[in-house]
Amino acid sequence: MDWAHELTTRVSGPQVVNDSKTPSGTVHVGSLRGPVILDTIVRALRADGIETTLLYGVDDFDPMDAQALLTPDAVERYMGVPLAHVPDQAGDGHASYARHHAQVFIDTFAGLGIHPDRYYWMSEIYPTGAMDGYIRTALDRAAQVREIYRRVANVQHPDAWHPISVICERCGKVGTTIVTDWDGERAFYECRPDLVAWANGCGMSGWVTPFAGRAKLPWNLEWAAQWSLFGVTIEPCGKDLATAGGSRDRADAIAREVFEREPPLKVPYEFVNIGGRKMSTSKGHGAPAHQIVEVVPPEQLRLLFLRPRPNHAIDFDPDGTDAIPRLFDEFDRLAAATAGHEVKGELPAGFESIFSYSLRDAAADVEAEAVAFRPPFAHLALLSQVPGVDVAALVEAEKGSPLDDRERAIFEQRLAAVTGWLEAYAPERARISVAEEGLPPEAAALDDDQRAFLVALLPAADQTAGASNGEGWQEAIFRAAEARGLPAGRAFQALYVAFLGRQNGPRAGWLLASLDRAFVARRLAEAAATIDR
RNA sequence: GGGCCCGUAGCUCAAUGGCAGAGCAGCUGACUCUUAAUCAGCGGGUUGAAGGUUCAAGUCCUUCCGGGCUCACCA
């Protein structure tokens with residue numbers, strides 16, 4: 001967490017933190033690292049008393065370029081059109097395609113406790129004329145812009161190329177137009193059928209005044225213009241943009257040389273890998289991104305993203321591993337430490353900050369959150385697998401007092417996470433299943449004392465006089481073990497082996513209480529009778 | 001080809017240039033009511049390799065090996 005506070009020592013005066021995103025498709029979990037870093041920086045700045053504004057841009061004036069997300073009949077008409085001018089394909093009431101997809105990530109951010117002071121929409125900014133000064137400067141200095149592209153990015157545009165994309169007056173596309181002349185007030189553009197492979201221009205050409213929303217700066221220039229327009233002082237960016245000669249380098253050079261303003265402090269960050277590989281929903285790495293959000297609540301997801309330094313790639317492999325339970329455990333450990341409890345092992349520097357920045361609510365009472373009761377994930381996973389058990393009651397029993405409202409919310413969130421984890425990610429060893437078909441082969445290894453114990457337990461399975469609930473069974477188990485002089489641990493082990501085929505399991509009393517009584521009696525007798533070796 | 005990151009215990013990761021450490025897993029033991037919990041203890045390393053700087057290198061420099069991501073049209 002030191003990384004965020006280190007950052008605060010490198011700046012002075014009020015800060016404007018900015019990021020932006022093109023609302024062209026769905027949000028995947030890896031793309032949430034940037035926003036979490038952004039939000040963490042803002043919280044750290046404010047914690048150090050630095051006046052900070054968080055801006056988030058919606059680049060909805062960018063051309064539509066994702067064919068797969070358009071209905072087939074809309075492809076020819078809308079590919080290349082500004083996202084804000086494409087109708088909502090989902091037909092669920094949004095004003096445009098851009099509004100629909102932007103809403104998805106705005107909602108996702110809110111779910112993670114990320115609340116920019118202002119979302120700005122480029123489709124609204126351009127028509128106000130706010131960008132006109134930058135458009136004019138860029139066109140006046142077109143030769144300089146071309147030189148920067150060549151020098152910084154090794155991109156050679158034709159001499160007639162100008163850094164502006166006009167929105168075609170006839171077909172409305174912005175991705176297909178090229179400006180080849182500029183007379184100081186008007187730009188000459190052509191809407192070419194073959195300018196880009198993914199969209200077809202209509203062939204229109206003509207002179208147009210490229211202001212007030214009739215044209216759009218290319219991304220690198222638009223980025224630099226945003227910095228000047230909003231006075232941005234800090235802006236993180238992913239490694240795809242941060243690479244040498246990449247988008248950020250070009251925008252930096254344009255900011256300095258064309259718009260004559262020092263670019264904001266750059267915070268490059270690495271991506272998130274699944275099992276050491278690029279995140280993929282189709283390559284069998286087993287971690288469809290949207291599923292992770294269902295299983296990892298906001299606080300744990302924030303922790304995952306903000307704990308490592310931004311320039312470290314995160315390797316997160318939830319599939320068949322205990323990565324998710326450990327994430328919860330680490331969160332709980334940080335909570336305990338923040339609450340002032342003794343915890344095992346070393347604590348990272350600034351662990352209180354890591355904990356408080358992981359909380360969804362930036363204004364949360366950190367102390368109250370830290371002391372709130374949180375049932376351990378793995379334990380909950382076991383309890384939840386025993387049919388007929390009142391998990392909430394057991395959790396309250398563990399706590400020793402009723403859960404308050406906040407604790408109940410945490411519990412329910414965790415129970416949902418546990419359920420999702422068991423369904424989608426949990427390793428086999430975490431799953432409990434009763435061997436209903438027959439006695440597990442492992443029962444052959446039971447010794448005489450254990451068999452005697454099982455016999456002694458038989459009366460508890462009696463239809464009328466037997467144990468009636470989990471607690472009754474639990475008591476019967478201890479009594480039977482004591483009567484045979486068997487240590488409780490070995491008694492429980494005998495039961496787990498007989499019913500689950502494994503050395504351990506969830507609370508045995510409740511497990512047995514959940515099963516059919518005749519079945520329990522039969523199984524106890526079978527296991528007790530097994531011939532040893 | 002350019003750039004970035006990584007390589008330290010079985011796994012995930014720490015270590016202002018100053019005695020290589022945690023968590024989890026593992027092993028051993030304790031436990032008459034949370035039994036995958038809890039408590040106590042143990043083992044585990046040529047820090048990818050080679051050179052260099054230094055009183056001192058996991059850390060800084062050079063080269064190499066390996067892994068990964070990313071850019072190279074647009075955004």
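Chain letters run A, B, ... following the sequence lines, proteins first, then strands; residues in each count from 1.
Aromatic ring centres of A:F355 and A:F331: separated by under 6.0 Å. Note: A:H101 and A:Y97 meet the aromatic proximity criterion, with ring centroids under 6.0 Å apart.
The heavy-atom pair separating A:Y149 from A:P218 by the smallest distance is OH-CB, 4.3 Å.
Residue A:R250 is in sugar-phosphate contact alone, with no base atom involved, counting any heavy-atom pair closer than 4.0 Å across all strands shown. At a threshold of 4.0 angstrom between heavy atoms, the contacts of A:P268 with the nucleic acid are absent. As judged by a 4.0 angstrom heavy-atom cut-off over every strand, A:L241 is placed among the base-contacting residues.
A donor-acceptor contact shorter than 3.5 Å links the side chain of A:Q385 to the backbone of A:A381.
For A:D240, the listed nucleotide lying nearest its side chain is B:U70; candidates were B:A15, B:C74, B:U70. Closest to the side chain of A:D62, out of B:A75, B:C6, B:U70, is B:A75. For A:H312, taking side-chain heavy atoms from C-beta onward, the closest of the listed nucleotides B:C6, B:C69, B:A75 is B:C6.
In summary, A:R250 and A:E147 do not engage in a salt bridge, as defined by a charged side-chain N under 4.0 Å from a carboxylate O.
Annotation: of the two residues near RNA chain B, A:E222 and A:A313, the 5′-most nearest-nucleotide partner is A:A313.
Here the side chains of A:R414 and A:Q300 are in contact, with some heavy-atom distance below 4.5 Å.
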Q | Sugar-phosphate or base contact per nucleotide [nucleotides 23-32 of chain B; S, B, -; heavy atom under 4.0 Å] | A | BS-------B
